[in-house]
Colleague: 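One structure, as structure tokens, below. Some questions next.
Everything numeric here is computed off the predicted structure, so don't read it as measured data. The figures that follow rest on heavy atoms only: side chains count, while hydrogens, waters and symmetry mates do not.
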Amino acid sequence: MNFEIEWVDPSLVICRTSGVASVEGYEAMMAALTAQPQFQPGVDLIVDHSSADVSALTAAEIEQIADLRARFMGNMAARAAGVVGPGSPMRYGLGRMFEAFVDVQPGTKITVFETVEEAMAWLRGTDGAPS
């Protein structure tokens, strides 16, 4: 799995993933993100998975990724948005499964969206409803 990290401004970072998704790939992405000095408490996070192949991920692997998120980020990114791309009920369902695993972690809020624009609007407070 490949990833890139883009700082939109000091309060917002977007991570974009591509290639075949794996637990190891997500772990590498989270390690790289949290090692950056800009990554401070309160930073909003968008993880755009719309170019990643998530079709082989199992429920157990999604739970492992949710656990990695807690281990690396804790409450650092209290609000995060996952972007799964438009028109794929399977991808949206996997995103919602991840959301459910993370919801049990105190102090975090993750919401799944189809587009980066929807995620950005939610994080910036201009639209509170996911698609």
Side-chain angles (χ1 to χ4, degrees):
M1 183 176 96
N2 301 310
F3 62 88
E4 66 179 55
I5 298 169
E6 173 193 355
W7 286 91
V8 176
D9 62 46
S11 67
L12 177 64
V13 61
I14 300 175
C15 296
R16 290 182 178 86
T17 62
S18 60
V20 178
S22 67
V23 173
E24 297 78 18
Y26 284 109
E27 184 171 15
M29 180 191 73
M30 289 180 216
L33 175 61
T34 57
Q36 297 195 359
Q38 308 96 300
F39 194 74
Q40 301 291 323
V43 168
D44 287 333
L45 172 64
I46 296 173
V47 184
D48 181 358
H49 302 298
S50 57
S51 294
D53 178 0
V54 297
S55 62
L57 287 177
T58 66
E61 289 172 322
I62 291 173
E63 186 173 19
Q64 287 178 308
I65 294 165
D67 290 344
L68 285 170
R69 190 240 175 257
R71 186 179 80 186
F72 278 99
M73 295 182 201
N75 291 336
M76 292 282 289
R79 292 185 318 152
V83 176
V84 296
S88 176
M90 185 268 304
R91 293 172 70 84
Y92 190 79
L94 291 174
R96 294 282 293 155
M97 183 186 305
F98 177 79
E99 183 180 338
F101 284 129
V102 171
D103 273 350
V104 300
Q105 300 168 0
T108 54
K109 177 62 182 161
I110 293 181
T111 303
V112 177
F113 297 90
E114 289 187 344
T115 69
V116 170
E117 293 76 21
E118 291 172 335
M120 186 93 63
W122 175 70
L123 288 169
R124 294 303 187 215
T126 56
D127 180 7
S131 62

Colleague: First locate atom OG of Ser11, then atom CZ of Arg124, and finally report the distance between them rounded to the nearest 0.5 Å.
Modeller: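 It is 4.0 Å, given to the nearest 0.5 Å.
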
Colleague: I need the minimum non-hydrogen distance between Ala59 and Phe101, along with the two atoms involved.
Modeller: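 Closest heavy-atom pair between Ala59 and Phe101: O-CE1, 3.8 Å.
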
Colleague: Are Val84 and Val112 packed together at the side-chain level, in the sense that at least one heavy-atom pair is separated by less than 4.5 angstrom?
Modeller: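 Touching, per the 4.5 Å side-chain cut-off.
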
Colleague: How far does CE of Met29 sit from CZ of Arg16, to the nearest 0.5 angstrom?
Modeller: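 Result: 12.5 Å between the selected atoms.
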
Colleague: Which heavy atom of Thr58 sits nearest a heavy atom of Glu61, and at what distance?
Modeller: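 That would be N-OE1, 2.9 Å.
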
Colleague: Is the closest side-chain heavy-atom distance between Ile5 and Trp7 below 4.5 Å?
Modeller: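 Ile5 reaches Trp7 side chain to side chain.
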
Colleague: What closest approach, in Å, do Asp53 and Ser55 show between heavy atoms, and which atom pair accounts for it?
Modeller: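 Looking at all heavy atoms of both residues, the closest pair is OD1-OG, 2.6 Å.
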
Colleague: Would Gln38 and Val13 count as a side-chain contact (heavy atoms from CB on, under 4.5 Å) if you check the C-alpha gap in whole Å, the side-chain angles of each, and the deciding distance to 0.1 Å?
Modeller: CA-CA 9 Å; Gln38 308 96 300; Val13 61; over 6 Å; no

Colleague: Counting distance only, does the side-chain N/O of Arg91 pair as donor-acceptor with the main-chain N or O of Ala52 below 3.5 Å?
Modeller: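 Looks like yes, one N/O pair under 3.5 Å.
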
Colleague: Let me confirm one number: the CD-CD1 distance from Glu99 to Ile110, rounded to the nearest 0.5 Å.
Modeller: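 Glu99 atom CD to Ile110 atom CD1 measures 7.5 Å (nearest 0.5 Å).
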
Colleague: Only one of Asp48, Val83, Leu45, Ile46 forms a side-chain contact (heavy atoms from CB on, under 4.5 Å) with Cys15, so which one is it?
Modeller: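 Of the listed residues Asp48, Val83, Leu45, Ile46, the side-chain contact (heavy atoms from CB on, under 4.5 Å) partner of Cys15 is Leu45.
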
Colleague: Is it true that Val20 and Met90 fall in one hydrophobic cluster, defined by side-chain heavy atoms closer than 4.5 Å?
Modeller: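 Result: no, two separate clusters.
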
Colleague: Just verifying a value: how many Å separate Tyr26 OH and Ile65 CD1, rounded to the nearest 0.5 Å?
Modeller: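 It is 5.5 Å, given to the nearest 0.5 Å.
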
Colleague: What pair of heavy atoms forms the shortest contact from Pro10 to Val43, and how long is it?
Modeller: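 Nearest heavy atoms, Pro10 then Val43: O-CG2, 3.9 Å.
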
Colleague: Would Val8 and Val116 show up in the same hydrophobic cluster when neighbours are defined by side-chain heavy atoms closer than 4.5 Å?
Modeller: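 Looking at the clustering, Val116 is in the same group as Val8.
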
Colleague: Roughly how far, to the nearest 0.5 Å, is the CD1 atom of Ile14 from the CG atom of Asp44?
Modeller: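 CD1 of Ile14 is found 11.0 Å from CG of Asp44.
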
Colleague: Starting at CD of Glu27, measure out to CG of Asp67 and round the result to the nearest 0.5 Å.
Modeller: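 Going from CD on Glu27 over to CG on Asp67, the span is 11.5 Å.
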
